[in-house]
S.K.: 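Before we start, here is the structure in question, set down as structure tokens.
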Amino acid sequence: MYDPVADAYIHHSIGRTLVSINPTSFVGTTLSPSGGDTPPTSNTAGEWEYYRLFYWSAQDAYVALPTGDTVGVYVYPPIR
Amino acid sequence: MQRRISAALIILMLGTLGSLALGCARHPSGSSAASLGQGSPPAPTPVPNPTPTPVPGAFARGQWTQFSNDKRSFAGALFVGDGSAPYDVLADGATSVKGQTLQQAEIGSGGPNAQLAAYSAGGIYVPSIHQFVALLTSGHYTGGSNEVNVFDLSSGTWNPGGRPVNPTVRLYMKVGGTWPISIAYGGYHLTVPVGLIDTGNDYSANISASQLGIQAAPVNRQIYGGIADMPGWNKIFLFGGFGYWDAPGGDAYVGCTYDYVTKKYQLLDAETWPAVVRTTSPPPPGIRPTVECSSPRRGRSTPIIPVAPRASASRSSSTATAAVRTIVRPAAPCGIPIANACCSSAVPATSTTTFRVESSVLPPARHSPFPGAGSQRAGDRR
């Protein structure tokens, strides 16, 4: 997904881990939150999450719905 | 208008980069009472944009927070049959859906997770309504349906107002099954139809007539990234992907939309779809239906479009060749808005629909709320 505030592509891979990708250099930076809840991992380590990771502008947050068994969704407001 | 469909296609193609292309299908609910779109296309109406319940800043920054006010998942939001018509049995007339999801009745594999997420976006977030709309999704041999379920970020619940669209149960077959030719759109690809003709007029509440006037629901597919929101038009656009269970045997090569205000699907069968990478034999370039009405008193009233038959072959119980499929069914009572059918107020009558596959010419669309569809051929507008 695209984070319009940070101007970065965001990939949700495994559990809590996110990767922020610079759209110009395409260099990825791993974000590994130490606290909070742990989202399930979608099939093939996030490859199949597609548009079920999206930006929620009202909360300035990322929302993940990784699997069909995920209860509700997982919300991640990035640190600005 | 044409620019809008082109833009939608570009967005979709970008989304599907690296994936395969082509596909679409869908169908009914209980919440919409809108009639079929037989008149002029309605003007797009902006959707109200309510303020989400969680106040800004409700979630701690820098960490994940699970958000649910009903403790339900996509799996728990799926349709489960209760035995009532027209959501009782599959198209084979024997397989009951009572107490099961459609995937379970179809004996699809992988459970709801595979249905939502196996090579499929499963749906898309629509910012204007603050909802993730899950629809038309399938995985490899997983089955599934054309029901619509939503996760509402404002309330933190699935389907807060009820399920927007229930599946067209009676139009589905089990995984690995062969569709009746009367249901498969155009009589083509009987293991993965591009659309499901609502032969019993059971699901009109959730189907707008296609651009060619066919009352047909789209079929679920492995969406990959072939899905896009159409802000301002209140629609979700889908195109491409492997249809239903049959990967890579079938693909959804006719685009479609789902209107999240009227809760209706529409097949975009009058558009000229771009050539894409294919793994199977080419689809028919165009499917042209005509409707012929007859009654014992009046006889046939509308001539069938003459066609040059091709060689072939069909096991249909009605007239059928590789180039022509003809469906005969009882006429609906007059006053029921059903596309592609006749009506009869007094005498028994039949509706005969003939699909003609054309090699190069597409007929003008009658009408369509979809941008780009109009009275001209798509090729002429470009």
Side-chain angles (χ1 to χ4, degrees), chain A residues 1-6 9-18 20 23 29-80, chain B residues 15-16 19 49 51-78 103 110-127 130 132 134 137 139 142 151 153-154 156-158 223-229:
Chain A
M1 57 149 272
Y2 177 68
D3 179 342
V5 177
Y9 297 122
I10 305 296
H11 171 64
H12 175 220
S13 53
I14 300 172
R16 294 172 175 167
T17 304
L18 292 160
S20 177
T29 303
T30 300
L31 304 173
S32 301
S34 57
D37 298 324
T38 302
T41 299
S42 65
N43 295 352
T44 60
E47 179 187 347
W48 292 355
E49 200 156 318
Y50 294 96
Y51 301 141
R52 297 191 313 282
L53 176 69
F54 53 90
Y55 180 71
W56 186 9
S57 61
Q59 294 289 338
D60 182 25
Y62 314 149
V63 178
L65 203 174
T67 71
D69 301 320
T70 301
V71 173
V73 296
Y74 285 78
V75 181
Y76 180 90
I79 296 173
R80 300 295 190 189
Chain B
T16 52
S19 300
N49 195 4
T51 302
T53 298
V55 298
F59 301 95
R61 292 209 163 266
Q63 67 180 43
W64 289 100
T65 300
Q66 188 173 16
F67 176 45
S68 172
N69 285 325
D70 63 359
K71 307 302 178 188
R72 297 171 72 200
S73 64
F74 168 77
L78 288 171
Q103 182 189 33
N113 187 37
Q115 180 180 338
L116 179 72
Y119 289 112
S120 182
I124 194 165
Y125 175 60
V126 178
H130 304 291
F132 179 85
T137 182
T142 68
F151 183 81
L153 287 173
S154 297
T157 62
W158 280 93
I223 297 173
Y224 293 88
I227 183 170
D229 181 29

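Throughout, protein chains are lettered first and strands after them, A, B, ... in sequence-line order, and every chain is numbered starting at 1. Every value quoted in this text rests on a predicted model; they were computed, and no experiment measured them.
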S.K.: Might you point out which heavy atoms bring Arg61(B) and Gln59(A) nearest each other, and give the distance in Å?
M.R.: NH2-O, 3.5 Å

S.K.: Side chains of Asp229(B) and Tyr51(A): closer than 4.5 Å at any heavy-atom pair?
M.R.: no

S.K.: With chain A, which of Phe59(B), Phe74(B), Trp158(B), Phe151(B) has the greatest number of heavy-atom pairs at distances under 4.5 Å?
M.R.: Phe59(B)

S.K.: Counting heavy-atom pairs under 4.5 Å to chain B, which of Ala64(A), Pro39(A), Ser34(A), Pro33(A) comes out on top?
M.R.: Pro39(A)

S.K.: Looking at Asn113(B) and Gly68(A), would you say the former's side chain and the latter's main chain have a donor-acceptor pair under 3.5 Å?
M.R.: yes

S.K.: If I measure from the heavy atoms of chain B, does Thr70(A) come under 4.5 Å with its side chain, its backbone, both, or neither?
M.R.: backbone

S.K.: Could you tell me the separation between the OH atom of Tyr50(A) and the OG1 atom of Thr137(B), rounded to the nearest 0.5 Å?
M.R.: 10.0 Å

S.K.: Can you say whether Ala134(B) sits under 4.5 Å from chain A via the side chain, the backbone, both, or neither, judging by heavy atoms?
M.R.: neither

S.K.: Under 4.5 Å from any heavy atom of chain A, what part of Ser120(B) do you find: side chain, backbone, both or neither?
M.R.: backbone

S.K.: So which residue, Ala118(B), Pro112(B), Ala60(B), ends up with the most heavy-atom pairs under 4.5 Å with chain A?
M.R.: Ala118(B)

S.K.: Measure the acute angle between the ring planes of Trp48(A) and Tyr119(B), then classify it against the limits of 30° and 60° as parallel, tilted or perpendicular.
M.R.: tilted

S.K.: At what distance, to the nearest 0.5 angstrom, does CD1 of Ile79(A) lie from CD of Gln63(B)?
M.R.: 9.0 Å

S.K.: Supply the atom-to-atom distance Thr38(A) OG1 to Gln66(B) CD, rounded to the nearest 0.5 angstrom.
M.R.: 10.0 Å

S.K.: Pro66(A) and Ala117(B): which non-hydrogen atoms are nearest, and at how many Å?
M.R.: O-CB, 4.3 Å

S.K.: Check whether Ala77(B) gets within reach of chain A through its side chain, its backbone, both or neither, counting any heavy atom under 4.5 Å.
M.R.: neither

S.K.: Within the 4.5 Å heavy-atom criterion, are Leu18(A) and Trp64(B) side-chain neighbours or not?
M.R.: yes

S.K.: Highest number of heavy-atom pairs under 4.5 Å with chain B: which of Gly72(A), Pro77(A), Pro78(A)?
M.R.: Pro77(A)

S.K.: Side-chain contact test, heavy atoms from C-beta onward, threshold under 4.5 Å: evaluate it for Val73(A) versus Phe132(B) and give yes or no.
M.R.: no

S.K.: Hey, are the side chains of Arg52(A) and Leu116(B) touching, using non-hydrogen atoms and a 4.5 Å cut-off?
M.R.: yes

